[in-house]
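First the structure, in the form of structure tokens, and then the observations on it.
Quick note on labels: first sequence line is chain A, next is B, and so on, each numbered from 1.
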Amino acid sequence: MLSQSFFNQETEALAYALLGTVLVHDSPNGVTAGKIVEVEMYRGVLDRAAHSFRGIPTSRTHVMFGPPGYAYIYFIYGMHYCLNVVAAADGVGEAILLRALEPLAGIELMARRRRQTHPYPPRISEMKRLTNGPAKLAQAMGITREQYGWPLFNPPLSLYQGQSPVPRLSVAQGPRINVQYAKEAAAYEWRFWLKDNTFVSRR
DNA sequence: TGATCGATGCTCT
DNA sequence: GAGCATCGATCAA
């Protein structure tokens, strides 16, 4: 399991470091796990696209401003949850959005949570649909507001080292998804993904 | 496979 | 009251 000190690194370095690590949720319904293959960083007052851009903690965003390594979860479009890893020092509102996982364990449970009814084992195309988007992976992993503020270096929701760190050359970089409203920040290349991994949300 | 569009309720103005 | 760090259904190809 990753230790609390793992999260204590500069935000871009942490974004890279999270690629290849494994998110595990040991829930009452069973264990699910997936390798992180795509992330986006959101950088507080430097970043018009960040929920923390205004620099003032709110009831929604306050964990983002706390110490790193905790779960920042937000509810969006009236029906979806998304999971971030809080980054940067206590008092600084930065976070890393998890955008896609490669399913590793608990695939039947993921499919049930996602209301997919294909036979087991699923085809690759069916597997992708489980976790190739931020709200899809949250649903597949059984993540809701209940895990808001959870320390990700403790079970039952935690990160493991897995095969990380991944080689720098295997990581691609580009603009973040759906932040066109964020003016200059829309062009920042703050999305990172594993180039050759089929479970990313977009290439 | 890709483009378009509606759903849905919370957050902040 | 406006807008949103999204997704699934639908339609065309």
Legend entry - Separation of B:dC10 P from A:Ile73 CD1 (nearest whole Å): 16 Å
Inset, instruction - Counting heavy atoms from C-beta on, name the nucleotide in C:dA5, C:dC7, B:dC10 closest to the side chain of A:His80. - result: C:dC7
Inset, instruction - Tell me which nucleotide among C:dA5, B:dC12, C:dT6 gets nearest to the side chain of A:Asn178. - result: C:dT6
Inset, instruction - Considering just the side-chain nitrogens and oxygens of A:His51, establish if one lies under 4.0 Å of OP1 or OP2 belonging to B:dT11. - result: no
Legend entry - Nearest to side-chain heavy atoms of A:Thr61, which nucleotide of C:dC7, B:dC12, C:dA5: B:dC12
Inset, instruction - Assess the side chains of A:Gln139 and A:Arg113: does a donor N or O sit below 3.5 Å from an acceptor N or O? - result: no
Inset, instruction - Examine the side chains of A:Lys128 and A:Thr198 and answer whether a donor and an acceptor come within less than 3.5 Å of each other. - result: yes
Legend entry - Same cluster (ILVMFWY, side-chain, under 4.5 Å), A:Val85 and A:Val92: no
Inset, instruction - Look at A:Thr58 and B:dC12 and indicate whether a side-chain polar atom (N or O) is within less than 4.0 Å of OP1 or OP2. - result: yes
Inset, instruction - Look at the side-chain N and O atoms of A:Arg99 and state whether any lies under 4.0 Å from the OP1 or OP2 oxygen of C:dT6. - result: yes
Inset, instruction - Give one of base, sugar-phosphate or nothing for A:Ala49, where a contact means two heavy atoms less than 4.0 Å apart. - result: base
Inset, instruction - Would you mind reading off the distance between A:Leu137 atom CG and C:dA5 atom C1', rounded to a whole angstrom? - result: 12 Å
Legend entry - Whether A:Tyr77 stacks on the six-membered ring of B:dG9 base, 5.5 Å and 30° limits: no
Inset, instruction - Find the distance between CE (A:Met1) and CG (A:Leu159) and round it off to the nearest 0.5 Å. - result: 10.0 Å
Inset, instruction - May I ask you to evaluate whether A:Arg114 reaches the phosphate of C:dG8, defined as a side-chain N or O under 4.0 Å from OP1 or OP2? - result: yes
Legend entry - Atom-pair distance (CE on A:Met79; C1' on C:dG3), nearest Å: 14 Å
Inset, instruction - Using a 4.0 Å heavy-atom cut-off across all strands, classify A:Phe75 as base, sugar-phosphate, or nothing. - result: sugar-phosphate
Inset, instruction - Look at the side chain of A:Tyr74 against the base of C:dA5 and say whether a donor-acceptor pair falls under 3.5 Å; ignore hydrogens and angles. - result: yes
Inset, instruction - Decide side-chain contact (heavy atoms from CB on, under 4.5 Å) for A:Leu2 and A:Gln161; before the verdict, give the C-alpha distance in whole Å, the side-chain angles of both, and the deciding distance to 0.1 Å. - result: CA-CA 6 Å; A:Leu2 298 178; A:Gln161 185 170 9; 4.1 Å; yes
Inset, instruction - Report the nucleotide, chosen from C:dT6, B:dT11, C:dA5, that has the shortest atom-to-atom distance to any side-chain atom of A:Arg60. - result: B:dT11
Inset, instruction - Tell me the partner of B:dA7, counting only Watson-Crick (N1-N3 plus N6-O4 or O6-N4) or G-U wobble (N1-O2 and O6-N3) with both under 3.5 Å; none if nothing fits. - result: C:dT6
Legend entry - Nearest-nucleotide pick for A:Ala135, side chain only, options being C:dA5, B:dC12, C:dT6: C:dT6
Legend entry - d(CD, A:Gln116; P, C:dC7) in whole Å: 12 Å
Legend entry - Considering all heavy atoms, the nearest A:Lys195-A:Ala172 contact: CG-CB, 3.7 Å
Legend entry - Sugar-phosphate only, base, or nothing, as touched by A:Arg145 at under 4.0 Å among non-hydrogen atoms: sugar-phosphate
Legend entry - Integer-rounded Å distance: C:dT6 C1' and A:Ile143 CD1: 16 Å
Inset, instruction - To the nearest Å, give me how far apart CZ (A:Arg123) and P (B:dT1) are. - result: 12 Å
Inset, instruction - From the options B:dC12, B:dA7, C:dC4, select the nucleotide whose nearest atom is closest to the side chain of A:Tyr181. - result: C:dC4
Legend entry - Atom-pair distance (CD on A:Glu126; P on B:dT1), nearest Å: 13 Å
Inset, instruction - Rounded to the nearest angstrom, tell me the gap between atom CD in A:Glu94 and atom P in C:dA5. - result: 17 Å
